[in-house]
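Quick notes on the structure that follows.
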Amino acid sequence: MALCKAEETLSEALTGFDFGGQIVGAVRYGKGHINDTFCVYTQDEAGDCVRFILQRINTNTFTDPDGLMENIVGVTDYLRGIIEKNGGDTARETMTVQRTKEGKNYYRDSQGGCWRVYPFVEGTVCLQAVEDPEQFYQSAVAFGNFQRLLAGYDASTLHETIAKFHDTRNRFANFKKALEADACGRARDVQPEIDFVLAREKDCAVLMDQLEAGKLPLRVTHNDTKLNNILMDKKTGTGICVIDLDTVMPGLALNDFGDSIRFGANHCAEDEKDLSKVNFDLDLFEIYTKGFLEAAGDALTAAEKENLPWGAKLMTLECGIRFLTDYLEGDHYFRVHREGQNLDRCRTQFKLVSDMEANWDKMSAIVAKY
Ligand code: ADP
Ligand code: GN1
Ligand code: MG
């Protein structure tokens with residue numbers, strides 16, 4: 001069944017959960033590209049406002065909501081156990097899936113939409129860009145810790161929520177198909193971007209080949225480590241809660257590292273139109289590398305550490321390829337708010353890739369330092 005506009009079944013979805021107070025309202029929330037996210041405002045008995053995150057899972061993207069929610073419940077339960085043992089704050093340091101009135105992990109509405117609820121983690125901020133290098137360092141420590149904590153999680157119990165998610169070779173192949181089909185007649189306007197990808201076909205295989213040759217290990221990874229997938233404590237600035245767990249599955253640690261660099265080691269929005277503002281920032285690269293290796297370093301192999309620059313470059317290239325593919329196919333995957341937005345997103349990624357290529361030796365030297 002095709003997904004209707006989330007607003008059409010929002011009220012129905014609200015009836016699926018017991019929010020423990022009176023619902024005051026629900027409004028769209030956040031800047032995610034995939035799911036439909038709402039913030040639910042309720043009033044408890046004492047008259048205080050209690051917030052929740054209500055999300056309709058994008059089931060076009062995540063076709064197995066049962067498996068996906070099983071992953072999230074499994075991982076968050078596991079993390080909660082560790083946080084508890086370490087005397088941490090279980091309500092803030094991990095997400096908690098709130099059950100439906102029927103005790104299920106998500107609510108299915110009459111149109112087939114799948115909705116889940118998390119208590120809102122209060123006293124936090126979610127950043128769209130790095131404002132202060134310390135924030136980036138904190139996010140590196142948080143994602144590094146996440147990786148380390150999940151090292152003991154049984155990966156064989158995880159469902160693969162999106163097949164070949166960070167298989168860059170396969171992303172390249174899908175791009176070629178979209179290019180050949182040219183469904184919207186847009187290819188003629190983006191020849192430089194097309195050439196940019198075609199010139200890097202071999203690069204797309206670098207990490208996948210090493211994985212297949214057994215040179216890089218498969219680990220439990222997050223796979224979507226953007227800065228805005230972490231909540232930072234408002235007062236202390238520490239990265240406290242890793243969110244957006246839809247893509248937690250077996251993957252490469254290098255990709256978790258790389259996706260953070262892609263999004264955070266620059267000073268512009270992902271869809272910045274003015275490419276002169278898009279610059280890969282080596283200092284931020286260094287800060288993130290330091291934080292990530294301090295938190296997760298012991299768990300990583302020498303081959304993984306050596307390949308960190310490749311993680312950064314390939315996650316950026318892959319993401320640009322995905323934006324370009326979606327542009328060619330008519331913007332059906334990433335939510336767009338204006339025409340040409342996916343093309344702009346693609347262009348920022350390719351500019352960053354070029355910058356990384358120009359700074360390759362410096363990136364390698366930084367990695368060697370930590
Ligand atoms: P998407 O997959 O669409 O990116 P996310 O799960 O990242 O969706 O959620 C979108 C946004 O909602 C986040 O960037 C964050 O601002 C906010 N958010 C999500 N979960 C919580 C939570 N438990 N507490 C506070 N804010 C949250
Ligand atoms: C999507 O869901 P969100 O906005 O956190 C995408 C990531 C991309 C990112 C680009 C499931 O992340 O893979 O890197 O957009 N998530 C999915 O901003 O495809
Ligand atoms: Mg997100």
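Indexing begins at 1, ligand by ligand and atom by atom, following the structure's order. One-based numbering along the sequence shown. Here the structure is a predicted model, which means the values were calculated and not measured.
With respect to D209 and R169, a salt bridge is recorded, a charged nitrogen being found less than 4.0 Å from a carboxylate O. A salt bridge between E306 and K215 is absent, with no side-chain N of the basic residue lying under 4.0 Å from a carboxylate O of the acidic one. Between D259 and R262, at least one side-chain nitrogen of the basic residue sits less than 4.0 Å from a carboxylate oxygen of the acidic one, meeting the salt-bridge criterion. The pair R322-D326 fails the salt-bridge criterion, with no side-chain N (NZ, NE, NH1 or NH2) lying under 4.0 Å from an Asp/Glu carboxylate O. The existence of a salt bridge linking K31 and E270 is excluded, since no basic side-chain nitrogen approaches an acidic carboxylate oxygen closer than 4.0 Å. Salt-bridge check for K290 with E294: passed, with a basic side-chain N closer than 4.0 Å to an acidic carboxylate O. By the 4.0 Å N-to-carboxylate-O rule, D344 lies close enough to R338 to be salt-bridged with it.
Shortest contact from atom 24 (N) of ligand 1 to any protein heavy atom: V121 N, 2.9 Å. Closest protein heavy atom to atom 11 (C) of ligand 1: G30 CA, 4.0 Å. Residue, atom and distance of the protein heavy atom nearest to atom 14 (O) of ligand 1 are N228 O, 3.1 Å. Nearest to atom 10 (C) of ligand 1 among the protein's heavy atoms is T37 OG1, 3.8 Å. The protein non-hydrogen atom at the shortest distance from atom 19 (C) of ligand 1 is I243 CD1, 3.7 Å. Among all non-hydrogen protein atoms, the one lying nearest atom 3 (O) of ligand 1 is N35 N, 3.1 Å. Protein heavy atom at the shortest distance from atom 16 (O) of ligand 1 is C126 SG, 3.3 Å. The closest protein non-hydrogen atom to atom 8 (O) of ligand 1 is Q55 NE2, 3.1 Å.
Other residues, nucleotides and ligands contribute at most 12 non-hydrogen atoms within 6.0 Å of the CD atom of E45. Counting non-hydrogen atoms of neighbouring residues, nucleotides and ligands closer than 6.0 angstrom, the CD atom of E122 exceeds 12 such neighbours. The number of heavy-atom neighbours closer than 6.0 Å to NZ of K176, taken from other residues, nucleotides and ligands shown, is 12 or below.
Numbered from 1 in the order shown, with element, the atoms of ligand 2 that lie under 4.0 Å from a heavy atom of F323 read 10 (C). Interface of P119 with ligand 1, defined as ligand atoms under 4.0 Å from a residue heavy atom, comprises 23 (N). Atoms of ligand 2 found under 4.0 Å from any heavy atom of D244 (numbered from 1 in listed order, with element): 2 (O), 3 (P), 5 (O). With ligand atoms numbered from 1 in the order given, ligand 1 contributes 7 (O) to contacts under 4.0 Å with heavy atoms of N229. If you number the atoms of ligand 2 from 1 as listed, the ones under 4.0 Å from a heavy atom of G32 come out as 4 (O). Listed by number with element, the atoms of ligand 2 under 4.0 Å from a non-hydrogen atom of K226 are 3 (P), 4 (O), 5 (O), 9 (C), 10 (C), 12 (O), 15 (O), 18 (O). Heavy-atom proximity to G32, at under 4.0 Å, picks out these atoms of ligand 1: 1 (P), 3 (O), 4 (O). Ligand 2 places these atoms under 4.0 Å from at least one heavy atom of F62: 11 (C).
With hydrogens and angles ignored, the 3.5 Å screen pairs a side-chain donor or acceptor of E12 with a backbone N or O of S110. Proximity of a side-chain donor or acceptor of N255 to a complementary backbone N or O of G311 within less than 3.5 Å is not detected. Counting only distance, with no hydrogens or angles, the side chain of D44 and the backbone of A46 share a donor-acceptor pair below 3.5 Å. For the pair E272 (side chain) and D274 (backbone), a donor-acceptor distance under 3.5 Å is present.
Taking distance alone, with nitrogen or oxygen atoms compared against 3.5 Å, F120 stays at or beyond that limit from ligand 1. For H166, no nitrogen or oxygen atom sits less than 3.5 Å from a nitrogen or oxygen atom of ligand 2, counting backbone and side chain alike. The shortest N or O to N or O distance between T124 and ligand 1 is not below 3.5 Å. Looking at ligand 1, you won't find any N or O of M95 less than 3.5 Å from one of its N or O atoms. The shortest N or O to N or O distance between Y29 and ligand 1 is not below 3.5 Å. At under 3.5 Å, a nitrogen or oxygen of Y333, whether backbone or side chain, sits near a nitrogen or oxygen of ligand 2. Geometrically, ligand 1 and R116 share no nitrogen or oxygen pair separated by less than 3.5 Å. For ligand 2, none of its N or O atoms has an N or O atom of N228 under 3.5 Å away. Of the polar atoms of Y118, none of the N or O atoms is found under 3.5 Å from an N or O of ligand 1, judged by distance alone. Residue T247 places no N or O, backbone or side chain, under 3.5 Å from any N or O of ligand 2.
Counting heavy atoms closer than 4.0 Å to ligand 2, residue E270 contributes side-chain atoms (C-beta onward) but none from N, CA, C or O. At a heavy-atom distance under 4.0 Å, only side-chain atoms of N229, from C-beta outward, approach ligand 2. For L231, every heavy-atom contact with ligand 1 shorter than 4.0 Å involves the side chain, none the backbone. Residue-level proximity to ligand 2 for R335 is absent, since no heavy atom of it falls below 4.0 angstrom.
Between the Mg ion (ligand 3) and N229 there is an N/O/S contact shorter than 2.8 Å. Coordination check, D224 versus the Mg ion (ligand 3): failed, since every N/O/S atom of the residue sits at 2.8 Å or beyond.
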Next item on the list: Take R99 and N105, measure what side chain to side chain donor-acceptor pair (under 3.5 Å) needs, and give me the verdict at the end.
Entry: CA-CA 5 Å; R99 300 305 194 276; N105 292 339; 3.2 Å; yes
Margin query: Applying side chain to side chain donor-acceptor pair (under 3.5 Å) to R345 and N342, what does each step give before you reach the verdict?
Written below: CA-CA 5 Å; R345 288 172 177 153; N342 273 322; 2.9 Å; yes
Note to self: Set out, in order, the CA-CA distance, both residues' side-chain angles and the distance that settles side chain to side chain donor-acceptor pair (under 3.5 Å) for T37 and N35, then state yes or no.
What the structure shows: CA-CA 6 Å; T37 304; N35 296 310; 5.7 Å; no
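In this structure, CZ on F263 lies 11.5 Å from CG on L352, to the nearest 0.5 angstrom.
Ligand 2 does not have R345 within reach: every non-hydrogen atom of the residue lies 4.0 Å or more from it. In this structure, F263 has no heavy atom closer than 4.0 Å to ligand 2. For the pair D246 and ligand 2, no heavy-atom separation below 4.0 Å is found. For the pair R51 and ligand 1, no heavy-atom separation below 4.0 Å is found. At least one heavy atom of R322 sits less than 4.0 Å from an atom of ligand 2.
The aromatic rings of F350 and F196 sit parallel to each other, their planes meeting at less than 30°, with 60° as the upper class boundary. Using cut-offs of 30° and 60° on the angle between ring planes, the pair F19 and F17 is tilted.
Here the shortest heavy-atom distance to atom 18 (N) of ligand 1, taken over I53, T96, D244, belongs to I53.
A distance of 6.0 Å or more separates the ring centres of F143 and F257.
Considering just the N/O/S atoms of D244, the one nearest the Mg ion (ligand 3) carries the name OD2.
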